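Have a look at the structure below, then the notes.
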Amino acid sequence: QGYTRGPVADLPIELADPVLSDVLRRVLDVEGKIPRAFEALGPVAGRDVVLVHGSGGARAAQLTALGARVTVIEDGAEIDLPAGSADVIIGCWSAFRAADPAELARADAVLRPGGRLLVLHDYGRDDVARLRGELPEHGPWSRRNGTFTSAGFKIRVLHCFWTFGSIEEAQEFLGATFGAPGIAVGAELRRPRLSYNVAVYHRTKGAGG
């Protein structure tokens with residue numbers, strides 16, 4: 001089984017097998033809803049954008065394609081940049097876990113007045129959540145009075161998909177990655193995709209609960 005629980009910057013889960021990682025990058029959000037949401041909520045085009053824990057490259061490439069000037073904070077590193085040097089800070093899955101107050105304070109210090117903080121996490125209520133089990137992302141973080149909203153964030157939910165070339169490809173990937181839960185979900189597929197909901201938590205510099 002190639003699945004481990006922790007997220008990484010480019011993907012919602014860590015996969016030990018690089019071949020499986022490549023498959024997930026290919027099938028995740030093929031409609032491009034996530035980068036479009038960053039542009040809508042930032043915006044990011046023509047602006048100085050900090051991507052936290054973005055060393056995998058895929059997310060940084062999407063932002064660059066949108067016209068952002070991207071600075072990458074490597075995996076595991078803290079945000080240590082000059083005050084007022086960024087218009088937008090973006091964290092995907094591995095950053096800003098549970099709206100950590102110290103991390104939010106560092107982000108606010110780096111943002112310019114009116115700067116925007118965008119944080120992407122799983123939302124649940126979908127097929128993928130059946131594979132991963134109960135996570136704080138699926139409950140306490142996303143409630144109306146939850147972790148992020150209490151810290152001054154608003155939430156936009158994106159209804160995305162993992163879209164495969166065929167049902168057989170999906171079943172092979174799910175079994176290899178998630179073991180028994182993946183086999184069970186794969187057996188129920190009637191089309192080669194899984195529903196996948198993500199939340200973009202967004203706030204302006206200095207917003208509080």
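Below, all heavy atoms of this structure are taken into account, side chains as well, without hydrogens, waters or symmetry copies. Keep in mind that what you see is a predicted model, and the values were worked out from it rather than measured.
Phe161 has its side chain out of reach of Leu194: every pair of non-hydrogen atoms, C-beta onward, lies at least 4.5 Å apart. Residues Leu174 and Leu189 are in side-chain contact: their nearest non-hydrogen atoms beyond the backbone lie under 4.5 Å apart. Using a 4.5 Å heavy-atom threshold, the side chains of Ile34 and Leu120 count as touching. Contact annotation: the side chain of Asp10 never approaches that of Gln62 to less than 4.5 Å [non-hydrogen atoms, C-beta and beyond]. At least one side-chain heavy atom of Leu41 sits under 4.5 Å from a side-chain heavy atom of Arg116. Residues Leu118 and Ile89 are not in side-chain contact: their nearest non-hydrogen atoms beyond the backbone lie 4.5 Å or more apart. In this structure, the side chains of Pro35 and Asp29 come closer than 4.5 Å at one or more pairs of heavy atoms. Using a 4.5 Å heavy-atom cutoff, the side chains of Leu63 and Leu51 are in contact.
Grouping the Ile, Leu, Val, Met, Phe, Trp and Tyr side chains by contacts below 4.5 angstrom, directly or via other members, places Leu117 with Val157. When hydrophobic clusters are built by joining Ile, Leu, Val, Met, Phe, Trp and Tyr residues whose side-chain heavy atoms come closer than 4.5 Å, directly or via intermediates, Ile167 is grouped together with Val185.
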Checklist entry - Between Glu137 and Arg97, does a salt bridge (charged side-chain N to carboxylate O under 4.0 Å, His left out) hold up when you go through it step by step? => result CA-CA 9 Å; Glu137 292 94 317; Arg97 306 288 296 172; 2.8 Å; yes
Next on the checklist: Assess the residue pair Asp108 and Arg203 against the criterion (salt bridge (charged side-chain N to carboxylate O under 4.0 Å, His left out)); give the C-alpha distance rounded to whole Å, side-chain angles, the decisive distance to 0.1 Å, and a yes or no.
Outcome noted: CA-CA 10 Å; Asp108 278 348; Arg203 77 173 196 170; 2.9 Å; yes
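In terms of modelled atom types and a separation under 3.5 Å, the side chain of Thr149 and the main chain of Ile155 share no donor-acceptor contact. Side-chain atoms of Glu39 come within 3.5 Å of backbone N or O of Ala45 as a donor-acceptor pair. Between the side chain of Arg47 and the backbone N or O of Gly42 there is at least one donor-acceptor pair closer than 3.5 Å. Under the 3.5 Å distance criterion, the side-chain polar atoms of Ser150 are left unmatched by any main-chain donor or acceptor of Thr147. Counting only distance, with no hydrogens or angles, the side chain of Lys33 and the backbone of Leu158 share no donor-acceptor pair below 3.5 Å.
Residues His121 and Trp93 place their aromatic rings such that the two centres sit no closer than 6.0 Å.
For His159 and Asn197, the side-chain atoms include at least one donor-acceptor pair closer than 3.5 Å. Side-chain N/O atoms of Arg125 and His138 include no donor and acceptor closer than 3.5 Å. Using modelled atom types and a 3.5 Å distance limit, the side chains of Asp122 and Tyr196 yield a donor-acceptor pair.
Minimum interatomic distance between Pro12 and Trp162 (heavy atoms only, all atoms of both residues): CG-CZ2, 4.3 Å. Heavy-atom minimum distance, Ala129 versus Gly124: CB-CA, 4.1 Å. Contact between Cys92 and Arg59 at its shortest, heavy atoms only, is SG-CG, 3.7 Å. Annotation for Ala86 and Val50: closest pair CB-CG2, 3.7 Å, computed over non-hydrogen atoms. The nearest pair of heavy atoms linking Ile79 to Phe96 is CD1-CZ, 3.7 Å. Among all heavy-atom pairs drawn from Gly54 and Val72, the shortest one is C-CG1, 3.6 Å.
Separation of atoms CD1 (Ile90) and CD1 (Ile73) is listed at 12.5 Å; rounding is to 0.5 Å. Within the model, atoms CD of Glu172 and OG of Ser166 stand 8.5 Å from one another, a figure rounded to the nearest 0.5 Å. We find the CG-CG distance between Asp17 and Leu24 to be 12.0 Å, quoted to the nearest 0.5 Å. Glu14 CD to Ser21 OG: the interatomic distance, rounded to the nearest 0.5 Å, is 8.0 Å.
A salt bridge does not link Asp127 to Arg132: none of the charged nitrogens lies less than 4.0 Å from a carboxylate oxygen. Under 4.0 Å is where a charged nitrogen must lie from a carboxylate oxygen, and between Arg106 and Asp80 no such pair does. A salt bridge links Asp48 with Arg112: the closest approach of a Lys/Arg side-chain nitrogen to an acidic carboxylate oxygen falls below 4.0 angstrom. The pair Arg130-Glu188 meets the salt-bridge criterion, since a charged nitrogen lies less than 4.0 angstrom from a carboxylate oxygen.
Both the sub-6.0 Å distance and the 45° axial angle are not jointly satisfied by Arg36 relative to the ring of Phe38.
In this pair, Phe153 and Tyr201 present their aromatic rings perpendicular. The plane angle is above 60°, beyond the 30 to 60° band.
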